[in-house]
Colleague: 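Below are the structure tokens for one structure; questions will follow.
In what follows, chains carry the letters A, B, and so on, assigned in the order in which the sequence lines appear, proteins first and then strands, with residues in each chain numbered from 1.
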There are 2 protein chains.
Amino acid sequence: MAPKSKATIADVARAAGVSTATAGRVLGGYGYTSEEKKEQVLKAAQNLGYRPNALARSLITGKTRTLGVVAGDIQNPFYASVLRGVSNVAEANGFGLLITNSDEAQPKEVHSVELLAQKQVDGLIVTPSDTRRARHLHSLRAMGVPLVLIDRAVAGLMVDRVATDNIAAAEQAVRHLIAAGHRRIGIVAELVDEERGGLDAFLARAVAGDPIESETLYPSWQRLLGYIRAHRIEGLPVDPRLTLRAGSYSALAAQAVVPQLITAPDAPTALFTTDGTMSEGTMRALVELKRSIPQDLSIICFDDLDWMSFHRPGITTVAQPRLAMGEAAARMLLERIRGEDYPPRTVLMPAELIERGSVARL
Amino acid sequence: MAPKSKATIADVARAAGVSTATAGRVLGGYGYTSEEKKEQVLKAAQNLGYRPNALARSLITGKTRTLGVVAGDIQNPFYASVLRGVSNVAEANGFGLLITNSDEAQPKEVHSVELLAQKQVDGLIVTPSDTRRARHLHSLRAMGVPLVLIDRAVAGLMVDRVATDNIAAAEQAVRHLIAAGHRRIGIVAELVDEERGGLDAFLARAVAGDPIESETLYPSWQRLLGYIRAHRIEGLPVDPRLTLRAGSYSALAAQAVVPQLITAPDAPTALFTTDGTMSEGTMRALVELKRSIPQDLSIICFDDLDWMSFHRPGITTVAQPRLAMGEAAARMLLERIRGEDYPPRTVLMPAELIERGSVARL
DNA sequence: AATGATGGCGAGAACGTTCTCACATATGAG
DNA sequence: CTCATATGTGAGAACGTTCTCGCCATCATT
């Protein structure tokens, strides 16, 4: 009836006239019990409004059936979708989800990981904010906590990982622009963390075709690399002045940096934005500057956001399978938690070019 | 150095040559300890890579420092923002966040609440999917689990609650349209759950000015009520044919239902959409029908989504303080968890009308 | 008839903390 | 000198489960 306060297994056992061991067996569904006692216990539990205490259970079993996720920012559509994917498979498997934001800052990330580890999550999904140093993640591995990385890799950290094939996707997008006759294509990218030698050196190496360790590059650098490859393949020169570095992961930063490029004498005829946030900032800037798409300027965005399909014109975009990425990551993590012992896997998901109306043929 | 496997307080105590009680005092920061032993313990903990087990701690203290949230769908910008707000204050207070999706279906919601309760969260934030029956929430209250409702109320459930002042907000939006000269204004609303007597009876009662228990109405019905009030105040008749019921909470449903209204002989000159999802569906339909905003049709949307500011034209909208709502809810919940004992509070947050370019003066 | 396997049950130990004691020792007031 | 008070410590009991035993039936097999 009225479940007053918390009833424990001992209360149920007393009410049913059995030992706590038997009540535990019935309620926990492990070991043998006779039909008779089973019914008694179940009835008593019902009457008392018994609800198992997952804490106590986890303490002894060592399993919490909870996944921890460190995302950049739940509010960002990219993470929101990924999280929904993770949530889908977690829920289907009876797992709970402990979620935190890192705001792409490592101190917060470290703190989050520590919190989740203390709460004894069975595994972690992280979008690491620093692809170089990640002591906290290494020590997690050393402790044997299953870990899956999303969107980015960490140098020297051999764990399961799922990401978009950024280089191929960006290359495809930019080649699409080139095929449409564009010769001067601007790229609006975050490029927040410094590559060795800086942007210029990176451009020089990439343009020269020097081998680049691309696995542990930040997504925005990988997409820049795809942009450069497209140029190389199509035999087009890369003008460093067309590489726009927002310098921070915010729409405002992108918005601030776009006008200088657009209003320059040798302005590009097309723009490629490297993620949803850059896309937003760029769109804001274009509205401000009253540039029409695609008459004044063509654009291809990375990551298909809801509004891109009903914007006028429709925005041609490279859609990454965000939901599926989250689902894949969660599935891989659950496999590890179940104890499966593959060597670390990297799942690179293909992105799909969705043609709409934002690219003009020249 | 290398934190091999899990070290317990007993391990640390042994290594430091003190009792577990003393080690616990140092590590847990409760009770007296001498500087000398403190240092020994801390050093031992450091060496062993000791990490407190929050499970064991929670089991005995009865507090998990974890908040549970049942949202409709993390992927939806409304919930994503609210969650970010909740996350902000949770994090600032050292609380973790256990998040689940209900997909606005009560069976899933019940299951979520049960899961979170078993995991012993200190309090719950829920957007109830049924405003009438909610046995699981009542029993939560009976068990003494702090609970805060967001966006919606539940009949007979007296708990803290934060929501937008939907009626006032909708009224303001629609009056804005009327002031611009519009006389036939369509409303695109979800209106998924049946009001007593159905939509027609509701309209009749509202138009007649009958008292309506508006507190426990679904948001979309409240916004419809605001729409009707605006008409009453401005002395305009309400044409039931202008009330578009999507019937389910999806952009597709809205998109499917808009064309019939727009292409009718006595089509409205303006549209009011009652939430972000309806707005999206409506925008899709308008693109399909090739209607220009605001030349062919004016529009005001409820809930300011990112793209509305850089869409051309800018979309005039009623912005609800989503982030602040989440923050307020979390703060109220934390107060309850701390044991503060006000009578149940209802916080109605004002929405702000943001004028952009989607409303034509007639 | 003796043996072993199997179902069913309870006592009590674990899990890793915090908390309640009891018991020191030191300090200061009367 | 005695008593109260504050500071420091350790033994051991909680918290609510699951798990390991050991015990006792029952039943089939030698």
Colleague: Taking only N and O in the side chain of A:Tyr32, is any of them less than 4.0 Å away from OP1 or OP2 of C:dG8?
Modeller: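 Result: no.
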
Colleague: Give every residue pair that meets the side-chain hydrogen bond (donor to acceptor under 3.5 Å, both in side chains) criterion with at least one member in residues 21-30 of chain B, sequence neighbours excluded.
Modeller: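 Of all non-adjacent pairs touching residues 21-30 of chain B, those that pass side-chain hydrogen bond (donor to acceptor under 3.5 Å, both in side chains) are B:Ser19-B:Thr22.
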
Colleague: State, to 0.1 Å, how close B:Thr64 and B:Ser58 come at their nearest heavy-atom pair, and which atoms those are.
Modeller: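 Distance-wise, the nearest heavy atoms are CA-OG, 3.3 Å.
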
Colleague: Is there a side-chain polar atom (N or O) of A:Ser34 under 4.0 Å from OP1 or OP2 of C:dC9?
Modeller: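 Indeed, a polar side-chain atom of A:Ser34 lies that close.
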
Colleague: Kindly say if B:Thr22 contacts the phosphate of D:dT9, meaning a side-chain N or O under 4.0 Å from OP1 or OP2.
Modeller: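 Answer no for this pair, as no side-chain N or O of B:Thr22 is under 4.0 Å from OP1 or OP2.
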
Colleague: So, for A:Arg161 and A:Leu348, which heavy atoms are closest and what is the spacing to 0.1 Å?
Modeller: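 Smallest interatomic distance, heavy atoms only, reads NH2-CD2, 4.4 Å.
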
Colleague: For a quick check, with a 4.0 angstrom heavy-atom cut-off, what is the B/S/- contact string for nucleotides 13-23 of chain D, read 5' to 3'?
Modeller: -BBBBB-----

Colleague: Which residue, B:Glu215, B:Glu109, B:Glu104, forms the salt bridge (Lys or Arg N to Asp or Glu O under 4.0 Å) with B:Arg152?
Modeller: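 So, applying the salt bridge (Lys or Arg N to Asp or Glu O under 4.0 Å) to B:Arg152 and each of B:Glu215, B:Glu109, B:Glu104, only B:Glu104 qualifies.
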
Colleague: Looking at every non-hydrogen atom in both residues, tell me the closest pair between B:Thr8 and B:Tyr50 and how far apart they are.
Modeller: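 Distance-wise, the nearest heavy atoms are C-CE1, 3.7 Å.
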
Colleague: Using five base pairs at each end, measure the axis-to-axis angle across the helix from C:dA1-D:dT30 to C:dG30-D:dC1 and round it to 10 degrees.
Modeller: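 What I find for the helix from C:dA1-D:dT30 to C:dG30-D:dC1 is an axis angle of 50°.
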
Colleague: Could you tell me the separation between the CZ atom of A:Arg338 and the CD atom of A:Glu335, rounded to the nearest 0.5 Å?
Modeller: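 Answer for the CZ-CD pair, A:Arg338 versus A:Glu335, is 6.5 Å.
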
Colleague: Ion pair present between B:Arg84 and A:Asp103, side-chain N to carboxylate O less than 4.0 angstrom?
Modeller: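 Answer for the salt bridge query: yes.
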
Colleague: So which atom in B:Gly49 and which in A:Met143 form the shortest heavy-atom distance, rounded to 0.1 Å?
Modeller: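 Minimum heavy-atom contact is O-CE, 3.7 Å.
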
